[in-house]
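In listed order, ligands and their atoms are each counted from 1. This structure is a prediction, so every number in the text was calculated from the model and none was measured. Every heavy atom of this structure was used, including side-chain atoms; hydrogens, water molecules and symmetry mates were not.
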Amino acid sequence: MIQCTPIGAVGAEVDGIDLNMISDEDLENLKALFAETGLLFFRDQELSPEAHLDFAKKWGPINVNRFFTPVEGYPSIAEVRKEPHQQYNIGGNWHTDHSYDQIPALGSMLYAKELPKVGGDTLFAGCAAAFDTLSEGMKSTLRSLRAVHSSRHVFGKSAAIPDDMADLFGNADKALQDAEHPVVIKHPLSGRETLYVNPGFTTRFVGWTEKESNSLLSLLYEHISRPEHTYRFQWSKGALAFWDNRATWHLAVNDYPGETRLMHRITIEGEPLEP
Ligand code: SIN
C-alpha cells in the first residue's frame with residue numbers, strides 16, 4: 001500500500017512501493033500525486049537500467065538528451081557523473097531542463113547509483129507555489145509576457161564548458177534551439193498557474209532587450225528560490241527522484257570534492273505549453 005508524505009511547497013516522498021512491479025491502481029495514484037506535487041521521491045529501489053526505462057515509459061515516450069553522454073549500452077539513459085578529479089558538476093546552478101525546446105520535456109527520473117560519503121544533495125523549487133505568493137499586480141503583468149529560452153550559451157560552441165567537463169557533453173553543433181514560452185503557463189497536468197522562467201536557459205522577455213529583462217528576471221529568480229518554495233533532497237543509494245520540468249527547478253549541490261557521484265537520468269517527452 002502506497003504511503004505518501006507531502007513536502008511543503010514542492011514534492012512528496014512515496015513509500016511502500018517497488019518500482020519493479022507497479023499495479024495499475026498504484027500508477028494511477030502516482031500520476032495524481034505527481035500532477036499535484038510536481039516531484040516524487042522513492043527510496044531503496046533496486047532498478048536495472050531496463051526496469052528504470054520500463055517505469056519511465058509508463059509516463060510517456062523517452063526523450064533522448066542530445067548533449068549528455070549516455071550510459072554505455074543504453075542510449076536513452078543519460079549519465080550524470082562527477083569524478084574525483086573534476087571541479088564542476090552537471091546542473092550546479094538553478095535550472096529546469098529542456099526549456100530551450102519548442103516542446104519542453106515533461107520531466108526526468110534521476111536514479112542514485114553511486115554517492116559521496118556526505119553531500120551531493122539536490123535542491124528543488126516549486127514554481128506554482130512561487131507564483132501563488134506574488135502580488136496580484138505582478139501576477140497580472142507576468143501573465144502578459146513571453147520569454148525566450150536558449151541552449152546555445154550552455155551547450156553550444158560558444159559555451160564556457162570547463163575543460164574537465166568536456167567529456168560529459170557532446171553535440172555542441174546541435175545547440176541551436178531557441179524557444180518562446182509564456183512566462184506564466186497553465187500547467188498541463190495540474191492546471192495551476194506556474195512561473196516558467198529559469199536562470200539556466202531563459203535569456204530575455206520577448207520584445208525586451210537582455211538588459212531590460214535582467215532586473216525583472218533576477219527578481220523572479222530570487223523569489224522562486226526563497227527557502228519556503230524549496231526542498232533539499234538528501235540522496236541515499238537506490239533513491240529515485242522524478243521531477244516535472246514545467247513545475248519545478250533543481251540544482252545539484254557541488255560540495256563533495258575528490259569523490260564520485262554517479263546518477264542515471266531518463267527524460268520523458270512533454271507537450272506544448274499554453275498560458
Ligand atoms: C540535473 O541537473 O539533471 C542533475 C541533478 C543532480 O545531479 O542532482
Undergrad: Among all residues two or more places apart in sequence or in another chain, which pass the salt bridge (Lys or Arg N to Asp or Glu O under 4.0 Å) test with K117?
TA: E259
Undergrad: Is a donor on one side and an acceptor on the other found under 3.5 Å between the side chain of H229 and the backbone of A9?
TA: no
Undergrad: What residues come within 4.0 Å of ligand 1, counting heavy atoms only?
TA: V80, G91, H95, L110, T122, W243, H250, A252, R261, R265
Undergrad: With sequence neighbours left out, write down each residue that passes salt bridge (Lys or Arg N to Asp or Glu O under 4.0 Å) with E25, or none if nothing qualifies.
TA: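 If we apply the salt bridge (Lys or Arg N to Asp or Glu O under 4.0 Å) test to E25, skipping adjacent residues, there are no hits.
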Undergrad: Is there side-chain contact between L106 and R246, with heavy atoms separated by less than 4.5 Å?
TA: yes
Undergrad: Does any donor atom in the side chain of S108 or H98 lie under 3.5 Å from an acceptor atom in the other side chain?
TA: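 Checked: S108/H98 side chains show no N/O donor-acceptor pair below 3.5 Å.
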Undergrad: Using distance only, find each side-chain donor-acceptor pair of residues 187-196 under 3.5 Å and give its atom names and separation, not counting sequence neighbours.
TA:
| unit_1 | atom_1 | unit_2 | atom_2 | d |
| --- | --- | --- | --- | --- |
| H187 | ND1 | L189 | N | 2.9 |
| H187 | ND1 | S190 | N | 3.2 |
| H187 | NE2 | D244 | OD1 | 3.4 |
| H187 | NE2 | D244 | OD2 | 2.9 |
| S190 | OG | R192 | N | 3.0 |
| R192 | NH2 | D132 | OD2 | 2.7 |
| E193 | OE1 | R143 | NH2 | 3.0 |
| E193 | OE2 | R143 | NE | 2.7 |
| T194 | OG1 | R192 | O | 3.1 |

